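Source: prediction; values computed, not measured.
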Amino acid sequence: MTAQKRGLFVVLEGGEGVGKTTNAAFMREYLENKGIEYSATREPGGTPLAEELREIILAPREESMAPMAELLLVFAARAQHIEHKILPVMEQGQWCLCDRFTDATFAYQGAGRDLGTSRVEALESFVQAELRPDCVIILDAPVEIGHQRARARAELDRMESEAMTFHQKVRDAYLARAAQAPDRYEVIDAALPLVEVQVNLAKVLDRLIDTWKNHE
Ligand code: Z5A
């Protein structure tokens with residue numbers, strides 16, 4: 001009997017207003033048309049308990065949240081998500097399509113909140129052991145464009161309401177991480193018209209599908 005081939009772990013990332021929701025829907029449809037079985041999920045969240053933690057993390061409130069509390073809550077939600085969703089999905093041979101993962105923590109808590117890389121790295125090893133995404137797709141756009149789009153779309157949450165300098169640090173951190181490991185990251189220009197963004201996303205997905213199908 002042959003062992004079940006593990007599904008791919010693909011993460012979609014980017015700063016505010018870059019079009020993650022829109023493009024996550026495109027990716028789901030694309031994979032369906034290609035006959036790839038997947039499960040779509042998101043962070044913070046992805047299980048009932050992790051979604052409860054998401055509400056706590058993102059809700060605006062009078063008491064300011066200590067950056068370290070924010071960091072630990074994000075990883076608490078992640079621990080639950082990994083054990084109850086991400087690993088079971090991949091072990092069943094399905095792809096796990098995740099809207100944000102630990103690169104968001106490096107970008108928002110490590111850089112945006114100035115907690116630094118080493119604390120996030122320590123928690124990453126502790127909580128995730130060897131688990132890392134097979135591919136991280138970063139939708140990238142200048143922060144002014146992202147902010148305009150996010151404002152036009154809906155009310156801003158606690159993170160989205162941060163100053164532009166915060167969002168610039170987030171963007172810089174994403175790009176720096178991608179530059180350090182170009183074989184695992186794909187940066188897509190999200191300032192382009194949507195149809196061009198999606199042509200580029202489709203190319204990335206085709207490459208991942210080919211590699212996965214040809215890999216024993
Ligand atoms: N967070 C964290 O701090 N630490 C962590 O470890 C993790 C997360 C995992 C929630 O994330 C927050 O959690 C996030 C970081 C924090 N806060 N922020 N900022 P989320 O992913 O759930 O929320 P989000 O960042 O707001 O993403 P979103 O809901 O996917 O929004 P979006 O990127 O803005 O996507 P959109 O709604 O599809 O696009 C916005 C608008 O732009 C919309 O009207 C589109 O039609 C339009 N759009 C999209 N693409 C284009 C193009 N190419 N041209 C023109 N218009 C476009």
When you measure from the side chain of [X] to the backbone N and O of [Y], does any donor-acceptor pair fall under 3.5 Å?
X	Y	answer
K5	W212	yes
R158	I57	yes
E51	G46	yes
R54	P44	yes

### Message
If you count every heavy atom of other residues, nucleotides or ligands that lies below 6.0 Å from E32 atom CD, does the total exceed 12?
### Response
yes

### Message
Counting only heavy atoms not in R207 (residues, nucleotides, ligands), do more than 12 fall under 6.0 Å from its CZ?
### Response
yes

Would you say [X] and [Y] are hydrophobically clustered, going by side-chain heavy atoms of ILVMFWY under 4.5 Å?
X	Y	result
M68	F106	yes
L58	L53	yes
V143	V18	no
L192	F26	yes

[X] [atom1] to [Y] [atom2] distance, which is reported to the nearest 0.5 Å:
X	Y	atom1	atom2	answer
R151	Q148	CZ	CD	10.0 Å
E29	Q198	CD	CD	9.0 Å
R177	Q180	CZ	CD	7.0 Å
D99	T21	CG	OG1	6.0 Å
D140	Y174	CG	OH	10.5 Å
L12	F101	CG	CZ	14.0 Å

Show me the donor-acceptor pairs within less than 3.5 Å that the side chains of residues 126-136 make with the rest of the protein, sequence neighbours left out.
unit_1 : atom_1 : unit_2 : atom_2 : d
Q128   : OE1    : T102   : OG1    : 2.5
Q128   : NE2    : L131   : O      : 2.8
R132   : NH1    : A129   : O      : 2.9
D134   : OD2    : R6     : NH1    : 3.4
D134   : OD2    : F9     : N      : 2.7

### Query
Any side-chain donor-acceptor pair under 3.5 Å between N200 and E196?
no

### Side chains of Q109 and E70, donor plus acceptor under 3.5 Å
yes

Name every donor-acceptor pair, under 3.5 Å, that has one atom in a side chain of residues 80-90 and the other anywhere in the protein, sequence neighbours excluded.
unit_1 : atom_1 : unit_2 : atom_2 : d
H81    : ND1    : E43    : OE2    : 2.8
H81    : NE2    : T41    : OG1    : 2.7

Identify all side-chain donor-acceptor contacts of residues 116-123 below 3.5 Å with residues at least two apart in sequence or on another chain.
unit_1 : atom_1 : unit_2 : atom_2 : d
R119   : NH1    : L115   : O      : 3.0

Side-chain heavy atoms of [X] within contact of [Y], under 4.5 Å:
X	Y	result
E52	E55	no
M65	L73	yes
I137	V204	yes

Closest approach of [X] and [Y], non-hydrogen atoms and distance?
X	Y	value
G45	A50	O-CB, 3.4 Å
I138	A178	CD1-CB, 4.0 Å
A150	E16	CB-OE1, 3.6 Å
V170	A107	CG2-O, 3.6 Å
E13	K20	C-CD, 3.7 Å

### Task
Show your working on side-chain contact (heavy atoms from CB on, under 4.5 Å) between R100 and V11 and close with a plain yes or no.
CA-CA 6 Å; R100 296 195 186 280; V11 174; 5.5 Å; no

### Query
In the hydrophobic clustering (ILVMFWY, side-chain contacts below 4.5 Å, transitive), which residues join L49, or is it alone?
none

### Task
Would you verify whether the NZ or CZ of R78 falls within 45 degrees of the ring axis of F75 while also being under 6.0 Å from that six-membered ring's centre?
yes

#### Entry: Pairing residues for D206 by the salt bridge (charged side-chain N to carboxylate O under 4.0 Å, His left out) criterion, not counting sequence neighbours
K34

### Task
Check side-chain contact (heavy atoms from CB on, under 4.5 Å) between A25 and all other residues, then give those that pass, not counting sequence neighbours.
R28

### Task
Assess whether side-chain contact (heavy atoms from CB on, under 4.5 Å) is satisfied between I36 and Q94, documenting all intermediate values.
CA-CA 8 Å; I36 300 290; Q94 292 183 11; over 6 Å; no

### R113 with E162: basic N within carboxylate O range, under 4.0 Å
yes

### Query
Could you walk me through whether V197 and I188 pass the side-chain contact (heavy atoms from CB on, under 4.5 Å) check?
CA-CA 7 Å; V197 173; I188 291 187; 4.0 Å; yes

### Query
Parallel under 30°, tilted from 30 to 60°, perpendicular over 60°: which one fits the rings of Y108 and F166?
tilted

### Task
For side-chain contact (heavy atoms from CB on, under 4.5 Å), just list the numbers for R61 and I56, CA-CA rounded to whole Å, side-chain angles, deciding distance to a tenth of an Å, and then say yes or no.
CA-CA 9 Å; R61 62 172 63 73; I56 293 173; 3.9 Å; yes

## Note on the structure
Which of L31, V10, L8 passes side-chain contact (heavy atoms from CB on, under 4.5 Å) with Y38? It is L31

